[in-house]
Amino acid sequence: MEEEEHEVYGGEIPDVAEMEADVDMSAPDDDPAVKELDEMKRRLKEMEEEAAALREMQAKVEKEIGSAQDPATAAASLANKEEADSRSVFVGNVDYACTPEEVQQHFQSCGTVNRVTILTDKFGHPKGFAYVEFVEVEAVQEALVLNESELHGRQLKVLPKRTNVPGMKQYRPRRYNPYMSFGFRRPYPPPYFYSPYGYGKVPRFRRSTRYMPYY
DNA sequence: GTTGAGCGTT
């Protein structure tokens, strides 16, 4: 017991480096109370920093939860995204050397370009496609005309922008539909049209309930 | 990590 206490106060022999580091101290270097105070200050500072970090994290989490739990906020942000999408086009086959400015110049005849985003990978290299967001919704239709137009000697792919369609390449098993069964002939052509802009066919969904008479 | 991919974020 006494041995330990003695060690705490006297056992630590300050080396030269420590002594030099303590030169600024107004109190004597060998005062153990000063050392202890100093240590406490350091730990207090650490705790304050931790508390600040925690507060920041909590604020972040609360914000996320808030937006996730508040349907109005979530719906609003979703609506904003969809609204922005309706004014945007997806541009594929963009040359790696293309700058957003060049893309903006290429599309400025269609309408007012609000912003151009060229997607990049983690190395900062362009992925070869971009989004062009216009101010006017009508500009999108104008921009689609520039599909297969050349930029840096490459034929651009201009498509209406969509979100969350990673499965364009993948085959999607469809839900069972009795009208699709073998031998059945539709009285009219299937609800598809071949898009002149995109790959393959674009589904058109019939909203039968909308036209259902209410009795 | 030196290319040609198909839908992101404040």
Side-chain angles (χ1 to χ4, degrees), chain A residues 52-175 190-205:
Chain A
L54 274 171
R55 260 183 280 123
E56 196 181 334
M57 282 181 86
Q58 195 179 357
K60 215 173 181 179
V61 168
E62 273 174 5
K63 194 181 170 188
E64 277 175 17
I65 290 176
S67 61
Q69 284 186 344
D70 181 11
T73 308
S77 67
L78 200 77
N80 284 338
K81 282 180 183 177
E82 284 180 1
E83 196 274 329
D85 278 2
S86 71
R87 292 182 282 102
S88 305
V89 288
F90 171 90
V91 185
N93 206 27
V94 178
D95 188 77
Y96 293 142
C98 249
T99 64
E101 286 77 18
E102 285 171 319
V103 177
Q104 185 261 326
Q105 281 163 20
H106 190 79
F107 284 98
Q108 64 186 358
S109 64
C110 312
T112 314
V113 177
N114 193 25
R115 61 172 170 172
V116 175
T117 311
I118 293 181
L119 281 95
T120 58
D121 60 15
K122 57 180 176 179
F123 307 112
H125 291 348
K127 283 182 176 175
F129 48 93
Y131 303 124
V132 179
E133 184 186 302
F134 294 98
V135 175
E136 312 89 3
V137 191
E138 310 84 58
V140 169
Q141 296 305 318
E142 296 295 318
L144 295 180
V145 180
L146 290 180
N147 185 35
E148 295 181 341
S149 63
E150 276 197 9
L151 186 55
H152 282 219
R154 303 186 69 89
Q155 291 207 331
L156 297 181
K157 309 291 178 190
V158 186
L159 304 168
K161 191 193 167 325
R162 293 182 191 155
T163 50
N164 294 332
V165 193
M168 250 181 119
K169 271 167 83 177
Q170 287 181 341
Y171 173 71
R172 266 181 153 184
R174 295 179 193 173
R175 182 180 289 201
Y192 291 109
F193 67 97
Y194 286 88
S195 166
Y197 308 117
Y199 284 108
K201 44 194 179 179
V202 180
R204 250 187 188 169
F205 297 106

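Since we're looking at a predicted model, the values are computed, not measured. Just so it is clear: chains get the letters A, B, ... in the order the sequence lines come, proteins before strands, and each one is counted from 1.
Within the 4.0 angstrom heavy-atom criterion, base atoms lie near A:Gly128. Among the heavy atoms of the strands, none lies under 4.0 Å from A:Val89. No contact: A:Asp121 has no heavy atom under 4.0 Å from any strand.
By the side chain to side chain contact (heavy atoms under 4.5 Å, CB included) test, A:Ser149 is found to be paired with A:His106, A:Leu146, A:Leu156, residues two or more places apart in sequence or in another chain being considered.
Side-chain to base pairing of A:Lys161 with B:dG8: one donor and one acceptor N or O lie within less than 3.5 Å of each other.
In this structure, A:Asn114 places its CG atom 13 Å from C1' of B:dT10, rounding to the nearest Å. The nearest whole Å value for the distance from the CG atom in A:Leu151 to the C1' atom in B:dG4 is 15 Å. Following rounding to the nearest Å, A:Lys81 (NZ) and B:dC7 (C1') show an atom-to-atom distance of 13 Å. Regarding A:Tyr131, its OH atom lies at a distance of 4 Å from the P atom of B:dG8, rounded to whole Å. The nearest whole Å value for the distance from the CD atom in A:Glu82 to the P atom in B:dG8 is 14 Å. Rounded to whole Å, atom P of B:dG8 lies 16 Å from atom CD1 of A:Ile118. We find that CG of A:Asn80 is positioned 17 Å from P of B:dG8, with the value rounded to whole Å. Rounded to an integer number of Å, the gap from NZ of A:Lys157 to P of B:dA5 is 11 Å.
Using modelled atom types, one side-chain atom of A:Glu102 and one backbone atom of A:Thr99 make a donor-acceptor pair closer than 3.5 Å. At distances below 3.5 Å, at least one donor-acceptor pair connects side-chain atoms of A:Arg87 with backbone N or O atoms of A:Phe134.
Cation-pi geometry between A:Lys157 and A:Phe129 is not satisfied (NZ or CZ under 6.0 Å from the ring centre, within 45° of the ring normal).
Between A:Phe129 and A:Ala84, the residue anchored closer to the 5' end of DNA chain B is A:Phe129, taking for each the nucleotide with the nearest heavy atom. Between A:Lys127 and A:Phe123, the residue whose closest nucleotide on DNA chain B is further toward the 5' end is A:Phe123.
Proximity note for A:Tyr96 (side chain, C-beta onward) versus B:dT3, B:dG8, B:dT9: the nearest is B:dT3. Of the candidates B:dC7, B:dG4, B:dG8, the closest approach to any side-chain atom of A:Phe90 belongs to B:dC7.
In summary, of the residues considered (A:Val103, A:Val94, A:Val91), a side-chain contact (heavy atoms from CB on, under 4.5 Å) with A:Val116 occurs for A:Val103 alone.
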